[in-house]
Each structure stands twice: as C-alpha cells, then as structure tokens.
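Step one of this worksheet: look at the structure below.
Indexing begins at 1, ligand by ligand and atom by atom, following the structure's order. Computed from a prediction, not measured in an experiment: that's the story for all the values here.
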Amino acid sequence: MLSWDRWRPAGACYLHDAGGIHGTGHAGRVLVWSSLIANWMRQQGVAVDLDVVRWSAVLHDVRRLHDGHDPLHGARCGAWIRDGGFAASHGLRASELDARQLEQIAYCCTWHVPPDRAVPAMTPELLCLKDADALDRVRLGGLDRRFLRTGLAAALVHQAQFLCDTSELQACFRDDQWVAVRLASQRMGVWSRLDDTRRLHFFAT
Ligand SMILES: [Fe+2]
Ligand SMILES: [Fe+2]
C-alpha cells in the first residue's frame with residue numbers, strides 16, 4: 001500500500017492551526033481526492049505529475065494566518081515554497097523533488113485561491129487540487145457540484161461526504177486529524193485502491 005505518512009505536512013509548516021478546519025484532516029482528504037482524480041486523468045492519457053499533485057494537496061493551506069477570509073494565503077504559500085521553506089521543513093533531499101516540480105507545487109498553491117478565470121494556465125495538477133479542495137467543502141456544508149470541473153469529482157460527492165463524516169468520528173480525530181483520515185480512508189478502501197488504477201473507475205460508480 002502507498003505510504004500515507006510520506007505526505008504528512010510537518011507541524012512547522014503551519015502558520016495557524018494544524019488541528020483546525022484547514023489543518024491536517026483537510027490536507028489528508030484533499031490528498032485522497034486529488035490522487036484519485038490524478039490517476040483518473042492519467043488513465044485518459046493526460047500527463048499528470050503525482051508528486052506535484054500530492055504535495056500541493058497537503059501544503060496548499062499551511063500558510064493561512066487564520067481560518068477566515070485570507071485571500072493571500074495561496075500566494076503566501078507559493079512564496080514560502082519558492083524561498084525554500086517547504087524543502088527545509090521537510091528535510092527534502094534534491095533527489096526527491098527537482099526544481100521544476102517545486103515550482104509546479106508553488107504554482108498550484110499560489111493559484112488554488114483565485115477563481116479559474118484569473119488563473120494563468122489551468123495545469124492538470126492545479127485542476128486536481130482545485131476539484132479535490134472543492135470536494136472537501138462538504139465539511140463546511142458548502143459544496144455546489146455545479147462548480148466541480150471534472151466528471152470524476154462530480155461522481156465523488158457522496159464519497160467525499162462519507163470520508164469527511166467517518167474521519168471526524170474516529171476516536172483519534174481530536175488529537176490527530178491526519179491519522180483519523182488515514183484510518184477512515186483505509187476502511188473505505190479508497191487509499192488502497194490507489195495502488196491499482198484499474199479499479200479506480202469502479203470507485204466512482
Ligand atoms: Fe485554500
Ligand atoms: Fe483547502
């Protein structure tokens with residue numbers, strides 16, 4: 001099975017609250033959905049960098065100053081990555097991600113906040129992040145499926161609600177949201193299915 005904790009955002013990344021509504025629970029669920037959407041796109045012949053998708057998923061909200069309206073948190077995150085903050089906080093070795101990938105992660109984090117019409121280029125990786133982030137709006141009761149961009153995301157709304165609900169029901173959720181989402185996603189089978197992309201289309205039906 002894919003190593004879940006490889007993508008755990010370090011606590012030092014967070015400017016605000018790793019245990020809040022934009023904390024590690026949200027990061028984990030966005031990691032799940034963005035990975036599924038990325039694999040689905042790859043099945044259709046779209047070139048998608050899975051490492052860029054997954055790191056963007058877990059980092060995109062770590063530089064929030066608070067959980068309210070903070071329109072610069074994406075740009076702040078992009079600058080932090082470009083300045084070496086991400087590499088330093090995770091002890092990344094040069095062999096793990098190259099400069100092009102780091103720039104792509106910074107790009108996704110920067111542009112996940114503005115509306116699609118303002119984005120310079122909707123890369124496949126940014127598309128994965130935006131739809132996965134939108135799916136986890138179920139935790140806020142604010143998901144409008146008309147705004148989802150991919151067919152797979154539109155088919156995953158009920159699963160997104162289920163993962164959100166079951167992760168928050170885990171006994172460890174209050175202490176460690178990341179582990180709670182891991183347990184819930186493994187019990188749903190969604191995380192293990194990422195090892196076998198041939199089975200992904202069954203998940204969305
Ligand atoms: Fe955000
Ligand atoms: Fe987010």
* Do His22 and His66 get their side chains close enough for a donor-acceptor pair, meaning under 3.5 Å? ->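 No pair is found: no donor N or O on one side chain lies under 3.5 Å from an acceptor on the other.
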* Any luck finding a side-chain donor-acceptor pair between Asp133 and Trp33 under 3.5 Å? ->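 Side chains of Asp133 and Trp33: no pair found under 3.5 Å.
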* Asked: Partners of Arg54 by side-chain hydrogen bond (donor to acceptor under 3.5 Å, both in side chains), sequence neighbours excluded?
  ->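 For Arg54, the residues satisfying side-chain hydrogen bond (donor to acceptor under 3.5 Å, both in side chains) (neighbours in sequence not counted) are Ser35.
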* To do: Only counting residues at least two apart or in another chain, list the ones meeting side-chain hydrogen bond (donor to acceptor under 3.5 Å, both in side chains) with Arg117.
  =>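 Partners of Arg117 by the side-chain hydrogen bond (donor to acceptor under 3.5 Å, both in side chains) criterion come out as none, since no residue qualifies.
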* Asked: Is there any ring pair (Phe, Tyr, Trp, His ring centres under 6.0 Å) pair reaching into residues 135-168, and which pairs are they, with sequence neighbours excluded?
  ->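 For residues 135-168: none.
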* To do: Would you name the heavy atoms of Cys164 and Arg29 that are closest together and state the gap between them?
  =>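 So the minimum-distance heavy-atom pair works out to CA-CD, 3.8 Å.
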* Asked: Protein N/O/S atoms under 2.8 Å from the Fe ion (ligand 2): how many?
  ->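 Count of protein N, O, S atoms less than 2.8 Å from the Fe ion (ligand 2): 4.
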